[in-house]
Protein chains: 2
Amino acid sequence: MPDSDNVSLLRLREFLPYRLSVLSNTISTRIAALYDREFGLSIWQWRVMAVVGDRPGISATEIGQLTAMDKVAVSRAIAAMIQMGYLERKTSETDGRRSQLFLTPAGRDVYELIVPIALAEEQKLSGALTEDEQQELERLMGKLADAASPDRELW
Amino acid sequence: MPDSDNVSLLRLREFLPYRLSVLSNTISTRIAALYDREFGLSIWQWRVMAVVGDRPGISATEIGQLTAMDKVAVSRAIAAMIQMGYLERKTSETDGRRSQLFLTPAGRDVYELIVPIALAEEQKLSGALTEDEQQELERLMGKLADAASPDRELW
DNA sequence: GTCAATTAGTTACATATGAAACTAATAGTA
DNA sequence: TACTATTAGTTTCATATGTAACTAATTGAC
């Protein structure tokens with residue numbers, strides 16, 4: 001049996017999970033480098049900032065739900081950003097386990113600088129697609145996300 | 001100035017780089033769990049197996065190019081798979097720095113088991129899309145990959 | 001041939017990450 | 001009230017990862 005007689009053809013580079021992973025990593029790496037260079041923030045820290053900026057008083061657990069980060073990553077990002085002086089934590093008055101998070105004035109300054117940059121970046125990326133294509137991509141990604149969702153027992 | 005008076009609207013969950021990252025991680029995590037459970041292989045090891053199976057005699061550097069893995073990751077995956085008895089390394093006769101990699105019979109057995117499973121999995125995933133949608137997704141991802149490619153100086 | 005520059009691949013080190021154990025607070029139940 | 005179960009968040013520990021330094025072989029210039 002010759003080497004080329006493969007069970008059935010699998011070309012890694014045409015393999016959807018692989019392509020998605022490479023594309024996502026390429027984009028994430030570039031964005032991470034930008035945020036780090038400009039603001040000294042990791043992607044995780046930036047995600048936390050994005051949701052706290054949008055929803056002041058949010059808790060760590062809620063941040064995790066909104067950002068698809070696990071609680072350890074959230075905890076570490078929060079700790080680092082408090083250290084940096086960008087975040088402030090208050091203990092909830094109604095539930096002593098729960099923390100409520102707010103941007104400090106310095107944090108809000110960074111937030112207001114970084115949001116337009118993030119949006120401009122996304123624009124440069126998705127600007128490679130027409131409006132229709134962007135919507136179609138959204139739709140297709142939604143279908144894939146649904147199919148791959150951990151709730152579904154496909155595999 | 002009210003909290004909601006954001007510079008401009010940024011909703012993380014609608015942010016393309018974020019959505020891509022979450023989708024890709026969801027899929028990768030599930031596949032990694034499957035390969036690990038069934039064959040004790042990491043995603044990186046599986047990628048190496050996929051290209052060596054397809055191109056016996058390939059070198060580590062070439063594997064890196066084909067799989068978008070960095071050379072350290074390739075080196076480690078190869079070492080582990082030699083240890084497992086799935087890969088064999090010969091030094092190139094024309095270039096003593098270069099190694100040539102081959103699946104052992106045991107490696108080929110695993111390869112022949114895993115390829116159809118990988119393809120079936122992809123099928124379950126991309127089966128959520130019609131043929132036309134799959135092609136469209138390919139096309140859109142290609143445009144994004146092009147726009148995000150490290151050669152381009154967008155950012 | 002000899003020596004600097006390049007290339008293939010590995011190793012060492014420092015950091016990132018995730019699972020599981022842990023602490024502290026709350027909720028539920030008797 | 002007291003006692004157990006649950007939840008929020010942190011810490012610990014073991015592993016994964018990337019950068020940079022390294023070794024070994026080859027190439028190219030002289």
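Hydrogens, waters and symmetry mates play no part in the numbers below; they use all other heavy atoms, side chains included. Numbers restart at 1 for each chain; the letters A, B, ... are given by sequence-line order, proteins then strands.
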**Q** Report, one pair per line, the protein and nucleotides 8-10 of chain C atoms (nitrogen or oxygen only) whose separation is under 3.5 Å.
**A**
unit_1  : atom_1 : unit_2 : atom_2 : d
dG9(C)  : OP1    : A60(B) : N      : 3.4
dG9(C)  : OP1    : S99(B) : N      : 2.9
dG9(C)  : OP1    : S99(B) : OG     : 3.0
dG9(C)  : OP2    : T61(B) : N      : 2.6
dG9(C)  : OP2    : T61(B) : OG1    : 2.3
dG9(C)  : N7     : K71(B) : NZ     : 3.3
dG9(C)  : O6     : K71(B) : NZ     : 3.0
dT10(C) : OP1    : R89(B) : NH1    : 2.5
dT10(C) : OP2    : S75(B) : OG     : 2.5
dT10(C) : O5'    : S75(B) : OG     : 3.4

**Q** Let me know the distance between CD1 of I43(B) and C1' of dT17(D), rounded to the nearest Å.
**A** 15 Å
**Q** Residues two or more places apart in sequence or in another chain: which of them pass salt bridge (Lys or Arg N to Asp or Glu O under 4.0 Å) with E62(A)?
**A**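 Salt bridge (Lys or Arg N to Asp or Glu O under 4.0 Å) list for E62(A), sorted by chain: R98(A).
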**Q** So how far is it from R89(B) CZ to S59(B) OG, rounded to the nearest 0.5 Å?
**A** 11.5 Å
**Q** By side chain to side chain donor-acceptor pair (under 3.5 Å), which residues pair with R97(B), not counting sequence neighbours?
**A**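 Partners of R97(B) under the side chain to side chain donor-acceptor pair (under 3.5 Å) test: D95(B).
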**Q** For dA16(D), does either OP1 or OP2 sit under 4.0 Å from a side-chain N or O belonging to W44(B)?
**A** no
**Q** Side chains of residues 69-86 of chain A: which donor-acceptor pairs under 3.5 Å do they make with residues two or more places apart or in other chains?
**A**
unit_1 : atom_1 : unit_2 : atom_2 : d
D70(A) : OD1    : V72(A) : N      : 2.8
D70(A) : OD1    : A73(A) : N      : 3.3

**Q** What is the distance from CG of D70(B) to P of dA16(D), rounded to the nearest Å?
**A** 15 Å
**Q** Taking only residues two or more places apart in sequence, or in another chain, which ones meet E133(B) in a salt bridge (Lys or Arg N to Asp or Glu O under 4.0 Å)?
**A**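 For E133(B) the salt bridge (Lys or Arg N to Asp or Glu O under 4.0 Å) partners, ignoring immediate neighbours, are R139(A), K143(A).
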**Q** Can you give me the bend angle of the helix from dG1(C)-dC30(D) to dA30(C)-dT1(D)? Use the axis through the first five pairs and the one through the last five, nearest 10 degrees.
**A** 10°
**Q** Checking R11(B) now: which residues fulfil salt bridge (Lys or Arg N to Asp or Glu O under 4.0 Å) with it, not counting sequence neighbours?
**A** D54(A)
**Q** Excluding sequence neighbours, so at least two apart, what forms side chain to side chain donor-acceptor pair (under 3.5 Å) with S92(A)?
**A**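 In terms of side chain to side chain donor-acceptor pair (under 3.5 Å), with neighbours along the sequence ignored, S92(A) is linked to T94(A).
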**Q** Sequence neighbours excluded, which residues qualify as side chain to side chain donor-acceptor pair (under 3.5 Å) partners of S21(B)?
**A**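 Only R47(A) meet the side chain to side chain donor-acceptor pair (under 3.5 Å) criterion with S21(B).
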**Q** Atom CD1 of I63(A) and atom C1' of dG9(D): how far apart are they, to the nearest Å?
**A** 12 Å
**Q** Between dT10(D) atom P and M69(A) atom CE, what is the distance in whole Å?
**A** 12 Å
